[in-house]
A.B. asks: 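Got a structure here, written out as structure tokens. Questions coming.
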Amino acid sequence: MITLLEPLAKDAVTAMQKAGVDKYISGIMKKNGAYAIVQSELAKLGLTAADESLIKNAVERAYAMLINELNNVYPQAQPKSEDEQAKADELAKAEQALVDAQDKVNELHN
């Protein structure tokens, strides 16, 4: 499974970076989106018991390796106004709280 993670993570990070070209997407939204893509692709392959920390680490590693190149190829849209930036920041915080809550639920189930 580990050999699958690297290419899946790179593709997921690239897909989320591309998505941010036309509309502003915060970094946390991109990270969470890439994480969800990798989980979904692993599930399609029948690998449902993947270690969450392995996936998160693979996504973060792919992002670190690709970000400079991706920013050149897919320049990111910027918020159009301070209000849009404030909404994007609030949404990113809420999404992170959701991720944290899901992590806590998963932890309690184990």
Side-chain angles (χ1 to χ4, degrees):
M1 179 184 75
I2 292 176
T3 57
L4 291 173
L5 281 178
E6 185 174 334
L8 285 175
K10 285 181 179 181
D11 290 347
V13 166
T14 300
M16 291 307 299
Q17 188 75 8
K18 285 170 105 174
V21 170
D22 294 326
K23 74 175 197 171
Y24 176 75
I25 301 175
S26 72
I28 191 70
M29 290 172 61
K30 288 181 200 174
K31 182 177 100 175
N32 292 341
Y35 178 73
I37 290 169
V38 172
Q39 279 188 315
S40 174
E41 291 303 311
L42 288 174
K44 287 178 188 176
L45 296 170
L47 302 171
T48 56
D51 182 1
E52 289 183 48
S53 64
L54 285 176
I55 296 171
K56 288 179 181 179
N57 289 339
V59 166
E60 289 180 18
R61 183 171 186 264
Y63 179 83
M65 291 174 45
L66 298 172
I67 191 58
N68 291 332
E69 179 182 341
L70 290 175
N71 278 334
N72 289 330
V73 176
Y74 305 110
Q76 297 301 282
Q78 298 300 313
K80 295 179 178 130
S81 67
E82 285 184 26
D83 185 48
E84 187 178 26
Q85 177 67 51
K87 283 182 181 179
D89 290 345
E90 189 174 334
L91 179 60
K93 287 177 187 174
E95 287 182 337
Q96 185 60 52
L98 179 61
V99 169
D100 293 344
Q102 185 61 51
D103 287 346
K104 184 67 174 178
V105 167
N106 292 340
E107 179 184 314
L108 292 172
H109 277 283
N110 293 327

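These numbers come from a predicted model, not from an experiment.
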A.B. asks: When hydrophobic residues are tied together by side-chain contacts of less than 4.5 Å, even through go-betweens, does Met29 share a cluster with Met16?
C.D. replies: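 No: no chain of side-chain contacts under 4.5 Å links Met29 to Met16.
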A.B. asks: If hydrophobic clusters are built by linking Ile, Leu, Val, Met, Phe, Trp and Tyr wherever their side-chain heavy atoms come under 4.5 Å apart, do Tyr35 and Ile28 end up in the same one?
C.D. replies: no
A.B. asks: Can you measure from CE (Met65) to NZ (Lys10) and round to the nearest 0.5 angstrom?
C.D. replies: 4.0 Å
A.B. asks: Using a strict cut-off of less than 4.0 Å between a Lys/Arg side-chain nitrogen and an Asp/Glu carboxylate oxygen, indicate whether Lys93 and Glu90 qualify as a salt bridge.
C.D. replies: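 The answer is no: the pair does not qualify as a salt bridge.
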A.B. asks: I'd like to check the side chain to side chain contact (heavy atoms under 4.5 Å, CB included) partners of Ala12; sequence neighbours left out, ordered by chain and number.
C.D. replies: Ala34, Ile37, Val38
A.B. asks: Once you round to the nearest 0.5 Å, how far does CD of Glu60 lie from OG of Ser53?
C.D. replies: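 Glu60 CD to Ser53 OG: 10.5 Å, rounded to 0.5 Å.
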A.B. asks: Kindly work out whether a path of hydrophobic side-chain contacts (I/L/V/M/F/W/Y, heavy atoms less than 4.5 Å apart) joins Ile25 to Val13.
C.D. replies: no
A.B. asks: Would you please name every residue forming a side chain to side chain contact (heavy atoms under 4.5 Å, CB included) with Asn71, sequence neighbours left out?
C.D. replies: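 Once residues adjacent in sequence are excluded, the partners of Asn71 under the side chain to side chain contact (heavy atoms under 4.5 Å, CB included) criterion are Gln17, Ile67, Gln76.
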A.B. asks: With a 4.5 Å cut-off on side-chain heavy-atom distances among I, L, V, M, F, W and Y, is there a chain of contacts connecting Tyr24 to Tyr63?
C.D. replies: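 Cluster IDs for Tyr24 and Tyr63 differ.
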A.B. asks: Which distance, rounded to the nearest 0.5 Å, do you find between the CG of Leu42 and the CG of Leu54?
C.D. replies: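 The distance works out to 10.0 Å.
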A.B. asks: Please enumerate all residues that pass side chain to side chain contact (heavy atoms under 4.5 Å, CB included) together with Val73, with sequence neighbours excluded.
C.D. replies: Glu69
A.B. asks: Taking Ser40 for its side chain and Ala36 for its backbone only, find out whether a donor-acceptor pair lies under 3.5 Å.
C.D. replies: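 Here the side-chain-to-backbone pair does not exist.
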A.B. asks: Minimum heavy-atom separation for Ala9 and Ala58, please, with both atom names.
C.D. replies: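 Smallest heavy-atom distance, with atoms named: CB-O, 3.4 Å.
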